Amino acid sequence: MPFTLATWNINSVRLREGIVAQLMSEEAPDVLCLQECKSPVEKIPMEQFRALGYNHMVARGQKGYNGVAILSKLPIEDAGDQDFANLGHARHVAGRLENGVTIHNFYVPAGGDEPDREKNEKFGQKLDYLTGMRDWFHSEKPEKSILVGDLNIAPREDDVWDHKKLLKIVSHTPVEVEHLAQVQDAGNWVDVTRADIPKGLLYSWWSYRARDWDAADKGRRLDHVWATSDIASAGHSSKILRHVRGWEKPSDHAPVFATFDV
DNA sequence: ATGGTAGTGTTACTA
């Protein structure tokens, strides 16, 4: 049975309840993974989501910061969470569908402004978080799994608006790209979005700070859909819904979609 | 080199 999955950094699920419901109504992904819910789990506004057919949720939350949730039309069981780098943040949750597919939903630390762990503790935490992911997937050897989320790294030259200008900007530095590649290798993960759309500029995030984000188009592809190699070829129909970035009171991220025939 | 905007929850912190 094919199913469609979306990942979206929502930057407050309570403030943006309306546009989450709009995405559910217009696109109806079977599974919707959210990051930066900025809410305790019990305060996620489930009533409207249930009315739209999203009767299942696995989530981790905290007040004000971080928070990840998997909202699903399909039954999903809680498959635990990890606290890489021991930050005590709600940045990961896993769920398992009845077809046996495990879904990992991640919100990787942004890493602050200065790409130097000596001067900026947050950058070190980001690298340590990625190393934790690498080591865990290395021992876990995931199969029949999908990894999505805001990984806060745009790995390819065509994942950013200007590769050279961004080489020293957190999210596109060589050391981050190398750490992300090691996570990918350790879990046998395939970048489904780029397997599907191998060529051309592709962004999922545009800063709030631009006067006109659409015209400036200084985007980055920070949000990812990966799958383990055993099911990666079942992934297709990838898309990033750029127009959602232009909705009323938007998130600074656009949702990324893929469909899996599994 | 700097500042631009947004969310949370009270005034600084994070992105």
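Computed from heavy atoms alone, side chains included, the values below leave out hydrogens, waters and symmetry copies. Quick caveat: nothing in here was measured; it's all calculated off a predicted structure. Lettering follows sequence order; numbering is per chain, from 1.
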B:dA15 base to A:Arg209 side chain: any donor-acceptor pair below 3.5 Å?
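Between B:dA15 and A:Arg209, which were checked side chain against base, a qualifying N/O pair under 3.5 Å is present.
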Quick one: [X] [atom1] to [N] [atom2], roughly how many Å, whole number?
X	N	atom1	atom2	answer
A:Tyr65	B:dG7	OH	C1'	9 Å
A:Glu114	B:dA1	CD	P	11 Å
A:Ile169	B:dA15	CD1	P	16 Å
A:Gln125	B:dT14	CD	P	9 Å
A:Tyr208	B:dG3	OH	P	22 Å
A:Phe123	B:dT14	CZ	C1'	17 Å
A:Lys38	B:dC13	NZ	P	15 Å
A:Leu222	B:dA15	CG	P	13 Å

For A:Ser12 and A:Gly112, take the nucleotide of DNA chain B holding the closest heavy atom to each; which residue's nucleotide lies nearer the 5' end?
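Nearer the 5' end of the strand: A:Ser12.
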5' priority, DNA chain B, between A:Lys249 and A:Tyr107 [closest heavy atom]
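The residue whose closest nucleotide sits nearer the 5' end is A:Lys249.
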For [X] and [N], is the shortest distance between a side-chain N/O and OP1 or OP2 below 4.0 Å?
X	N	value
A:Arg14	B:dT8	no
A:Arg91	B:dT14	no
A:Lys122	B:dT14	yes

For B:dA15 versus B:dG4, give the span between their C1' atoms, rounded off to a whole number of Å.
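Nearest-Å result for B:dA15 against B:dG4 at atom C1': 13 Å.
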Rounded to whole angstrom, note down the P distance from B:dT14 over to B:dT10.
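Approximately 15 Å lies between the P atom of B:dT14 and that of B:dT10.
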So which heavy atom on A:Ala254 is nearest to which on A:Trp206, and how close?
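Of all heavy-atom pairs spanning A:Ala254 and A:Trp206, the closest is CB-CZ3, 3.9 Å.
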Of A:Lys165, A:His163, A:Arg221, the residue whose pairing with A:His172 passes side chain to side chain donor-acceptor pair (under 3.5 Å)
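Considering A:Lys165, A:His163, A:Arg221, a side chain to side chain donor-acceptor pair (under 3.5 Å) with A:His172 is found only for A:His163.
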Go through A:Lys239 and A:Glu27 one step at a time and tell me if the salt bridge (Lys or Arg N to Asp or Glu O under 4.0 Å) criterion holds.
CA-CA 12 Å; A:Lys239 58 184 177 179; A:Glu27 301 291 334; 3.3 Å; yes
Can you tell whether the side chains of A:Arg156 and A:Asp191 come within less than 4.0 Å, N to carboxylate O?
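Salt bridge flag = no for A:Asp191 with A:Arg156.
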Does a salt bridge link A:Arg91 with A:Asp83, judged by any charged N lying under 4.0 Å from a carboxylate O?
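The answer is no: the pair does not qualify as a salt bridge.
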